[in-house]
Amino acid sequence: MASDLITETDLLPYEWPGSFFIGAEEIEEALKVLNARSPFRFYGPDLQRCVERLEAAYCKRLNRKYAIAVNSGTAALSLALAALGVGPGDEVLVPGYMWISCISAIVRSGAIPRLVDVDDTFCMDPADLEKKIGPHTKGVLLVHMSGAMGAVDKIAEICRKNKLFLLEDCAQANGATLKGRPAGSFGDMAIFSFQLNKNITAGEGGLVVCDDENLYRRSWAVHDLGYPRNADGRLEFSDPNYQMWGQGSRYAELLAAVMLAQLGKLEKITTEMRRRKYALKKRLSAIPGLTFRRIPDPDGDTGAFLLMIWKDRQTCLLVVEQSRKAGVHTGPLGMNNIAMTDWGLHIYFNNASLVRKSPLNNAGRPWSDPLNEFAKSYEYGKGTLPALDALVDRSSLLAIAPVLTDEAIERIAQAFENAAKA
Ligand SMILES: Cc1ncc(COP(=O)(O)O)c(C=O)c1O
């Protein structure tokens, strides 16, 4: 078999963009924290204030008033919904192409997720969003998927018109822009993730941004122990507006140190990915019947993923199989060059907990909550979102590493061309 001839060095680099750039700067920043013996963000013998500096850097990048770094993107989503006051009796509109953390944050809040279809950008379809808005809709969780934004400006407008909050999930689009405006600057709140698969990484981490002081103070209390802290980093209990329940999501100085160095490399990483992605896309554009995800602003695409739409499912599965045999895949730890239906918890109907409405506790909440009676008929199985179903059925996904060589790009292009011919 051809695959027997593929050596380890022929395989694609893993889809962990920021990890390739972890080097002297990250080590130096992390060492400063260790040498200062001050790994806790609020106090220590010689605090380096890395978490604080990371937050300030994000505020500046996105022209936002407030930022709070946390220990994961999942935690960032949960605390944003808590700050926005989401709970039983509310529904949050969310696209069917997302990550399970988006749904779990809504369910954990006691509210109901309502699925919205996608358009040809693979992001939320504003037309379907307008159809889904109902009396219980409290807000929209918009997910900028696979490295780029869709109709975010239209969706922000719809939210404003209908007095809904807009929470942007920028976990997969750190560094993306739309007509020069960065992901994370459109919504009432936005979240980021710094987990290994993201454009920049410290292995773990997340961040929330907003402009409203009340949202910020609520987020602050929830991300920690439920209360604010004073300038010395000690808990304050006196303000009744901020006596909340904390979720223990504080970020660590060591990881923030790594993130400070990574943030300095974000533009370089996205530029490298974008160049490679569009070179490959150009090479593949002659393949008959192959089209691509529509990117409203290619200059603002981070370039992390190429989504390919084939003539039909059979062609898609065959091309993936053949090109993988020709070496277009990563080692065993990666998920690259796959049919999109295999893209796990990114596709709503692959989420078993969602499809079967798994309860959060032994009272069956949030599904059994009388305040959520309005959502009794909501379904989450395949068939709920016809446009997304039809798209993912015949699409495949290729992650573009920022270190992909020109030779590898040529090899990928040839493998797809040969597979498509076959
Ligand atoms: C769109 C999206 N949202 C949220 C998250 C959650 O981030 P984390 O893994 O840091 O909890 C991810 C991570 O994969 C993601 O892709």
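Both ligands and their constituent atoms are indexed starting at 1 by order of listing. Quick caveat, the model's predicted, so the values are computed rather than measured.
- In this structure, F122 has its ring center no closer than 6.0 Å to that of W343.
- At a 4.0 Å heavy-atom cut-off, ligand 1 does not touch N197 at all.
- Within the 3.5 Å criterion, the main-chain N or O of D128 finds no donor-acceptor partner in the side chain of D117.
- Of all protein heavy atoms, the one lying nearest to atom 5 (C) of ligand 1 is W99 CD1, 3.5 Å.
- Looking only at heavy atoms of the protein, atom 7 (O) of ligand 1 is closest to S193 OG, 3.3 Å.
- In terms of protein heavy-atom proximity, atom 4 (C) of ligand 1 is closest to D169 OD2, 3.5 Å.
- Nearest to atom 6 (C) of ligand 1 by heavy-atom distance, out of A171, A105, C102, S101, is S101.
- Atoms of ligand 1 found under 4.0 Å from any heavy atom of Q195 (numbered from 1 in listed order, with element): 9 (O), 10 (O).
- The protein non-hydrogen atom at the shortest distance from atom 8 (P) of ligand 1 is G73 N, 3.4 Å.
- Here the rule is salt bridge (Lys or Arg N to Asp or Glu O under 4.0 Å) with D301, and of K281, R294, K277 only K277 fits it.
- Here M149 contributes atom CE and T302 contributes atom OG1; the two are 10.0 Å apart, rounded to the nearest 0.5 Å.
- Residue contacts with ligand 1 for S72 involve both N, CA, C or O and side-chain atoms from C-beta outward (heavy atoms, distance under 4.0 Å).
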Point to revise | side-chain hydrogen bond (donor to acceptor under 3.5 Å, both in side chains) between D389 and Y348, worked out | key: CA-CA 10 Å; D389 291 2; Y348 73 97; 2.6 Å; yes
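- Only the side chain of K198 comes within contact range of ligand 1, with a heavy atom under 4.0 Å; no backbone atom does.
- Annotation: atom 16 (O) of ligand 1 to nearest protein heavy atom, Q172 NE2, 2.9 Å.
- Close approach to V143 involves these atoms of ligand 1, each under 4.0 Å from a residue heavy atom: 1 (C).
- Within 6.0 Å of CZ in R276 there are more than 12 heavy atoms belonging to other residues, nucleotides or ligands.
- Looking at T74 against ligand 1, both its backbone and its side chain come within 4.0 Å, counting heavy atoms.
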Review point. Could you go step by step and tell me if R114 and Y378 meet the side chain to side chain contact (heavy atoms under 4.5 Å, CB included) rule?
Key: CA-CA 7 Å; R114 180 149 201 218; Y378 288 5; 3.4 Å; yes
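- When the shell of 6.0 Å around CG of N214 is examined, it contains more than 12 heavy atoms from other residues, nucleotides or ligands.
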